[in-house]
Number of protein chains: 2
Amino acid sequence: MADKKSDLLQGTLDMLILKTVALGPIHGYGISLRIQQISEEVLQVQQGSLYPALHRLEHRGWLTSQWGESDNGRMAKFYQLTPLGETQLKAESENWTRLSNAVSLIMALEGGSK
Amino acid sequence: MADKKSDLLQGTLDMLILKTVALGPIHGYGISLRIQQISEEVLQVQQGSLYPALHRLEHRGWLTSQWGESDNGRMAKFYQLTPLGETQLKAESENWTRLSNAVSLIMALEGGSK
DNA sequence: TACATATAAATAGCGGGACGATGTGTAGAT
DNA sequence: ATCTACACATCGTCCCGCTATTTATATGTA
């Protein structure tokens with residue numbers, strides 16, 4: 001209610017996933033752990049956000065998947081980036097830089113109160 | 001379709017409005033112009049996003065408004081920040097810094113494609 | 001043995017919010 | 001007379017992240 005801080009910046013999840021997968025094939029659960037670790041526990045990807053997002057990205061042709069075995073011998077679905085996905089990642093990355101810089105321009109202005 | 005780049009980073013609109021109003025009383029239409037100008041035409045606030053957001057913020061007690069006369073002698077609703085709004089702006093601003101830095105951590109990683 | 005925790009995937013339902021489309025009205029410029 | 005800019009507003013849609021829940025296996029521990 002009122003202020004409900006999200007664990008993510010809305011709209012960045014797809015990009016974060018693509019970027020993480022771009023580092024090398026990895027399964028879904030691993031993606032969420034990696035994002036959390038690299039962001040120093042700031043970003044947290046809920047499973048209810050993660051899996052729908054993965055299906056979305058696969059459905060759009062940015063990712064492909066195949067079942068394999070994880071480190072501890074469990075079945076897991078491994079994702080990897082398609083060429084299309086690479087293009088998309090680049091586009092989203094540039095868009096992020098553009099927009100976040102623009103936001104910073106506003107937020108850096110002097111004059112809080114009065 | 002497929003890629004539909006937004007004019008904003010989702011979730012930042014409230015903060016941008018609060019920040020813009022914090023610079024001094026200003027009317028709605030003026031807010032959208034200011035954000036556009038300061039961001040060097042990168043950020044564009046659609047009217048269909050702007051006015052609902054203003055009402056939302058006012059309803060939450062972060063802004064107050066009163067009718068007045070704009071520069072060119074037209075009627076316009078001028079908004080100003082409440083103390084509560086100031087607190088909120090500060091909170092959202094800090095959250096933005098925290099999250100956007102975290103996103104940058106991920107995006108700055110080496111290794112795009114193998 | 002039983003239980004808890006971590007790993008791993010998935011879906012359903014909800015709610016917020018940004019957008020496009022549309023509507024109203026005035027003032028100034030061509 | 002018409003077009004553009006100014007100024008406010010609402011409606012419907014769609015996207016997407018969250019909570020909650022389910023299913024299942026492996027490891028560790030009491």
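Just so it is clear, the model here is predicted, and its values are computed rather than measured. Heavy atoms only: backbone and side chains are in, while hydrogens, waters and symmetry mates are out. Here is how names work: the chains are called A, B, and so on, in the same order as the sequence lines, proteins then strands, and each is numbered from 1.
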I want to verify a distance call: between [options], whose nearest atom is closest to the [X] side chain?
X	options	answer
B:Tyr29	D:dA7, D:dC18, C:dA9	D:dA7
B:Asp7	C:dC19, C:dA18, C:dA8	C:dC19
B:Gln46	C:dC19, D:dC8, C:dA10	C:dC19
B:Arg74	D:dA5, C:dC19, C:dA9	D:dA5
A:Gln47	C:dA10, C:dG20, D:dA7	C:dA10
B:Asn72	C:dG17, D:dA7, C:dA8	D:dA7
A:Leu8	D:dC8, D:dG17, C:dT7	D:dG17

Of A:Gln44 and B:Ser70, the one whose closest DNA chain D nucleotide lies more 5': B:Ser70

Upstream residue (5' side of DNA chain D) when A:Ser49 and A:Gly73 are each assigned their closest nucleotide: A:Ser49

[X] near the nucleic acid: base, sugar-phosphate alone, or nothing, with a heavy-atom cut-off under 4.0 Å?
X	answer
B:Gly11	sugar-phosphate
A:Leu13	sugar-phosphate
A:Gly28	sugar-phosphate

Under 4.0 angstrom between A:His55 side-chain N/O and C:dA9 OP1 or OP2: no

Polar side-chain contact B:Gln10-D:dC15 base: donor and acceptor under 3.5 Å: no

Whole angstroms only, please: what is the [atom1]-[atom2] distance between [X] and [N]?
X	N	atom1	atom2	result
A:Arg56	D:dC18	CZ	C1'	13 Å
A:Met75	C:dT7	CE	C1'	14 Å
A:Tyr51	C:dA12	OH	C1'	17 Å
B:Ile26	D:dC8	CD1	P	10 Å
A:Leu9	D:dC16	CG	P	15 Å

Check: B:Leu33 and B:Val45 side chains under 4.5 Å, non-hydrogen atoms: no

Among B:Leu54, B:Thr82, B:Leu84, side-chain contact (heavy atoms from CB on, under 4.5 Å) partner for B:Leu63: B:Leu54

Criterion side-chain contact (heavy atoms from CB on, under 4.5 Å) on A:Ile26 and A:Tyr79, from CA distance to verdict: CA-CA 6 Å; A:Ile26 184 172; A:Tyr79 290 90; 5.5 Å; no

Nearest-0.5 Å distance, CD of residue B:Gln37 to OG1 of residue B:Thr20: 11.0 Å

Closest-nucleotide ordering on DNA chain C, the 5'-leading residue of A:Phe78 and B:Pro52: A:Phe78

A:Tyr29 and A:His27 aromatic ring geometry - parallel, tilted or perpendicular at 30°/60° bounds: parallel

